[in-house]
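Working notes, beginning with the structure itself.
Computed over heavy atoms, backbone and side chain alike; hydrogens, waters and symmetry mates excluded. Within every chain, numbering begins at 1; the chains are lettered A, B, ... in the order of the sequence lines, protein sequences first and strands thereafter.
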Amino acid sequence: MGNMLTSSFFNRKTETVARELLGKYLVRDIHGVKTNYVITETEAYIGPHDLACHASKGRTARTEVMYGKPGRMYIYFVYGMHYMLNIVTEEVGYPAAVLIRGIEGASGPGRLTKKLHIAKNLHGMTLSKKSGLWIEEGAYVSDKDILRTPRIGIEYAGDVWKNKKLRFVLKKK
DNA sequence: ACGATGATGAAC
DNA sequence: TTCATCATCGTA
């Protein structure tokens, strides 16, 4: 098993973190039963100026966690039925996060949280063995095996931000 | 193409 | 307090 990623991994540019999470293992421990899945798709949400980032609305109860320590989970509920898993990035005080959009065997942010039983009770917790959810090192991933596209479901974000290629997809072998 | 289904933020 | 919107998904 690889080493567990710690806060220093996430305390970097959000775009870099999103890129480097591809190929890493998302590990879930439920009552001692561990499962791990390769991360295959991510998106970067970068700071107060990014109109697609929830923090562009300002510092609220919902977005507060993004202003905190990198490596914590930002989990929110959308469309009345799906939980989204994000990992906080960059330094304390700068609101940014990476959305985990896909893992091996579960494509789509709502599908993977359902599969791994990830819900609001993990919101604000640090990725760690204690929380039962963490990320471990994986195999080297070449740029040739990665596709970059605009992010999904953010048509409202204005011409500049909606078109930025901040979605990272690991190509299938 | 569309409905499910509830939290969120902004308007009033 | 009401209202439109939403980082989606399953069914059609």
Would you indicate whether A/Lys171, at its atom NZ, is surrounded by more than 12 heavy atoms from other residues, nucleotides or ligands within a distance under 6.0 Å?
-> yes
Atom CD1 of A/Ile46 to atom C1' of C/dA7: distance rounded to whole Å?
-> 14 Å
What integer distance in Å separates A/Tyr83:OH from B/dT5:P?
-> 14 Å
Taking OH from A/Tyr76 and C1' from C/dT5, how many angstroms apart are they, rounded to a whole number?
-> 13 Å
Using a 4.0 Å heavy-atom cut-off across all strands, classify A/Met81 as base, sugar-phosphate, or nothing.
-> base
Please walk me through it: do A/Thr149 and A/Arg167 pass side-chain hydrogen bond (donor to acceptor under 3.5 Å, both in side chains)?
-> CA-CA 5 Å; A/Thr149 79; A/Arg167 173 171 173 250; 3.0 Å; yes
Test applied, side-chain contact (heavy atoms from CB on, under 4.5 Å); reference residue, A/Tyr37; option that passes from A/Lys115, A/Arg28, A/Lys24 | A/Lys115
Could you check how far CD of A/Glu41 sits from P of C/dT8, rounded to whole Å?
-> 10 Å
Length of the line joining A/Tyr79:OH and C/dA7:C1', which is rounded to integer Å = 7 Å
Pair pattern of DNA chain B in dot-bracket, where unpaired bases get dots and | marks partners in another strand, Watson-Crick or G-U under 3.5 angstrom = ||||.||||||.
Round to a whole Å and report the spacing from CE of A/Met84 to C1' of B/dG6.
-> 14 Å
Specify the separation, in whole Å, of atom NZ of A/Lys115 and atom P of C/dC9.
-> 14 Å
Should A/Arg101 be listed as having a side-chain N or O under 4.0 Å from OP1 or OP2 of C/dT8?
-> yes
What do the steps show when you test A/Leu21 against A/Phe10 for side chain to side chain contact (heavy atoms under 4.5 Å, CB included), and what is the final call?
-> CA-CA 10 Å; A/Leu21 279 175; A/Phe10 300 98; 4.2 Å; yes
May I ask you to say what A/Ile154 touches in the nucleic acid, namely base, sugar-phosphate or nothing, with a heavy-atom cut-off under 4.0 Å?
-> sugar-phosphate
Are the ring of A/Tyr45 and the six-membered base ring of C/dA7 within the stacking cut-offs of under 5.5 Å and under 30°?
-> yes
Hey, which sits more toward the 5' end of DNA chain C by its nearest nucleotide, A/Arg111 or A/Gly153?
-> A/Gly153
Per side-chain contact (heavy atoms from CB on, under 4.5 Å), A/Ile103 is matched among A/Leu116, A/Val38, A/Asn36 by A/Leu116
Provide a list of protein-nucleic acid N or O atom pairs under 3.5 angstrom, restricted to nucleotides 7-12 of chain B.
residue : atom : partner : partner atom : Å
B/dG9   : OP1  : A/Thr60 : OG1          : 2.8

Is it possible for you to check whether A/Arg12 lies under 6.0 Å from the centre of the six-membered ring of A/Phe9, through NZ or CZ, and within 45° of that ring's axis?
-> yes
Tell me, please, whether A/Tyr45 has A/Arg151 positioned over its six-membered ring: NZ or CZ under 6.0 Å from the ring centre and within 45 degrees of its axis?
-> yes
Between A/Phe77 and A/Tyr83, how do the two ring planes meet: parallel, tilted or perpendicular, split at 30° and 60°?
-> tilted
Got a donor-acceptor contact below 3.5 angstrom from the A/Thr89 side chain to the A/Thr14 backbone?
-> no
Within this structure, what is the CG-to-P distance between A/Leu99 and C/dA7, rounded to whole angstrom?
-> 10 Å
